[in-house]
There are 2 protein chains.
Amino acid sequence: MAYRKTERVEARLADNRQRILDAARRLVSEGGWAEAQISHVASAAGIATGSVYRYFPSKADLCVEVLSVVSQREVDVLEAIANSADAPCQTLHVAVSAFVERAMRNRRLAYALIAEPCDREIDEARLVYRHAISKQIMRIVKDGQAAGDFRADLDPSIAATVIVGGFMESLIGPLSPLNADFDRSGTHGPDAVRALASQIADVCCAAVTAQPGKAASSEPHPRRQA
Amino acid sequence: MAYRKTERVEARLADNRQRILDAARRLVSEGGWAEAQISHVASAAGIATGSVYRYFPSKADLCVEVLSVVSQREVDVLEAIANSADAPCQTLHVAVSAFVERAMRNRRLAYALIAEPCDREIDEARLVYRHAISKQIMRIVKDGQAAGDFRADLDPSIAATVIVGGFMESLIGPLSPLNADFDRSGTHGPDAVRALASQIADVCCAAVTAQPGKAASSEPHPRRQA
DNA sequence: TGAAGAAGTGAATTAGGGTTCACTAACTGA
DNA sequence: TCAGTTAGTGAACCCTAATTCACTTCTTCA
């Protein structure tokens, strides 16, 4: 009697929705949020402008979903790392350097998600994921404190926040399309990125390690990929 | 022959300009950048909308100047602290906690200047001052390394960036109008603010101190106002 | 096959502020 | 006081995208 979506249609709808998301993400990772205009997204997805609104109630919702998908993946990666059974110091080092290296792999997108000026609504969604990231870092910090590897006198929540802010800030320069510094400085291949990531991680680790003997030299940790 | 501004006129013009700046700053510190609409600023300054453009070529220029004036003062404060002859560890602690405490004194304005979403042009100006702040912190770090108080194995530029990002991030939560957490948590009087500032500074100091014996306990430093 | 319900379309509408500009008021120097 | 010049005014203009909506096309099912 009534109209019922057949499976094939359902699939097509889902596919369209995904295509819109993909198109939006692609545009953002090419030119930042400015490129994520509905008309652009629509044509990149091969549909009409108005059709986007069949799938997303507003531009903000679309953008927030783009941000969420990408950010959640990073949170998941950090969670996996936080679950590792390595020494807390090493775990933290791996977590931070993995985040930095992953961000540097898709710089424009990372810049958009982390630092680029944007609408209030997107910015608020950012906070959610920063908090989620901070939570994972805090877990590592607490574990380390429990194990006696990290200083017990620091508030784990504050320490985690400082660490997250610290590596995020360190990323802004290298990520920013404004600062082509990192580009111009010749070698910014995998090695340079890894070195940067390692140095940032060193500082973050230093912030919490109890440090009986002088740990954390220039190459203190085995290079592991997360 | 030609028209020459008399001193009295010159003074009035300067006064108008200042009134515009003051009005804009007041509006921003009440309701953030959204309040800094030209028409609002104009009426708050007691002049007509169009007159604002006699003094500032564009809204962006006006906003950037508001940001610059306030930010430069903070840079100056940090510079003075960085020049102190105290132990580097204490200098760093004072620098960070002074920044935090000062920001908390005018939270809405600090939030707008540090973290609120805004136009690209304002955001770019922010970077300039973040960099200036980072430079002062880096001076402290370098001094500390030279004095042997700070770990020599960390890149001072990266360490400074992490520290700046760290305390800025720690501020976002407490400053944000969204998170009324800090408000609701009852006591957020001078004591709570000082405690927060001190804890944040602890973490920042921990990131760089060479730490022969366990320094930086919960109340490691004399409470000095900067 | 055809009536009813969904999905797709894209040009037109809307909205919110920044910016302009034709005009008036005030000021300067002779 | 007057001609020339600058400051002040604020309603109208503009620009840019997001959003809407009347219409077309596609799907479903009896």
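Letters go in sequence order (proteins before strands), and every chain restarts at 1. What you see is a predicted model; the values in this text were computed from it and never measured.
- A straight line from CZ of B:Arg17 to P of D:dG8 spans 13 Å, rounded to a whole angstrom.
- As rounded to whole Å, 18 Å separates atom P of C:dA25 from atom CG of B:Asn16.
- Nearest-nucleotide assignment on DNA chain D puts the 5′-proximal partner with B:Thr49, out of B:Thr49 and A:Arg8.
- When the nucleotides D:dT19, D:dA7, C:dT19 are ranked by their closest atom to the side chain of B:Tyr55, D:dA7 comes out on top.
- Where A:Ser51 and B:Ala34 each meet DNA chain C at their nearest nucleotide, the meeting point lying more 5' is that of A:Ser51.
- With no hydrogens or angles considered, no side-chain donor-acceptor pair links B:Asn83 and B:Glu79 at under 3.5 Å.
- Considering only side-chain N and O atoms, A:Lys5 lies under 4.0 angstrom from the phosphate OP1 or OP2 of C:dA7.
- Closest contact between the side chain of B:Ile38 and the listed nucleotides C:dG17, C:dT19, D:dG8 involves C:dT19.
- Classification of B:Arg108 and B:Glu116 as a salt-bridged pair holds, one side-chain N sitting under 4.0 Å from a carboxylate O.
- Across all strands, B:Phe56 comes closer than 4.0 Å to no nucleic acid atom at all (heavy-atom distances).
- Among C:dC27, C:dG8, C:dG10, the nucleotide with an atom closest to any side-chain atom of B:Val9 is C:dC27.
- Checking D:dC26, D:dA18, C:dT9 against the side-chain heavy atoms of A:Arg12 singles out D:dC26 as nearest.
- Distances were taken from every side-chain heavy atom of A:Thr6 (C-beta onward) to each of C:dG29, D:dT28, C:dT19; the shortest belongs to D:dT28.
- Between the side chain of B:Asp155 and the backbone N or O of B:Ile158, at least one donor-acceptor pair lies under 3.5 Å.
- B:Leu62 places its CG atom 16 Å from the P atom of C:dG17, with the value rounded to the nearest Å.
- Remark: the backbone N or O of B:Arg130 is not paired with any side-chain donor or acceptor of B:Ser134 at under 3.5 angstrom.
- Using a 4.5 Å heavy-atom threshold, the side chains of A:Ile172 and B:Thr161 count as separate.
- As rounded to whole Å, 16 Å separates atom P of D:dT19 from atom CZ of A:Arg54.
- Residue contacts for A:Ser58: at a heavy-atom cut-off of 4.0 Å it reaches the sugar-phosphate backbone alone, with no base atom in range.
- Rounded to whole Å, atom P of D:dT19 lies 9 Å from atom CG of A:Asp119.
- Look at CG on A:Asp61: it is 13 Å from P on D:dA18, rounded to the nearest Å.
- Taking only side-chain atoms of A:Tyr53, from C-beta outward, the nucleotide of D:dA7, D:dT20, C:dC27 with the closest atom is D:dT20.
- The CD1-P distance, from B:Ile20 to D:dA7, rounds to 12 Å in whole Å.
- Distance, B:Gln37 CD to C:dA15 C1': 13 Å, rounded to whole Å.
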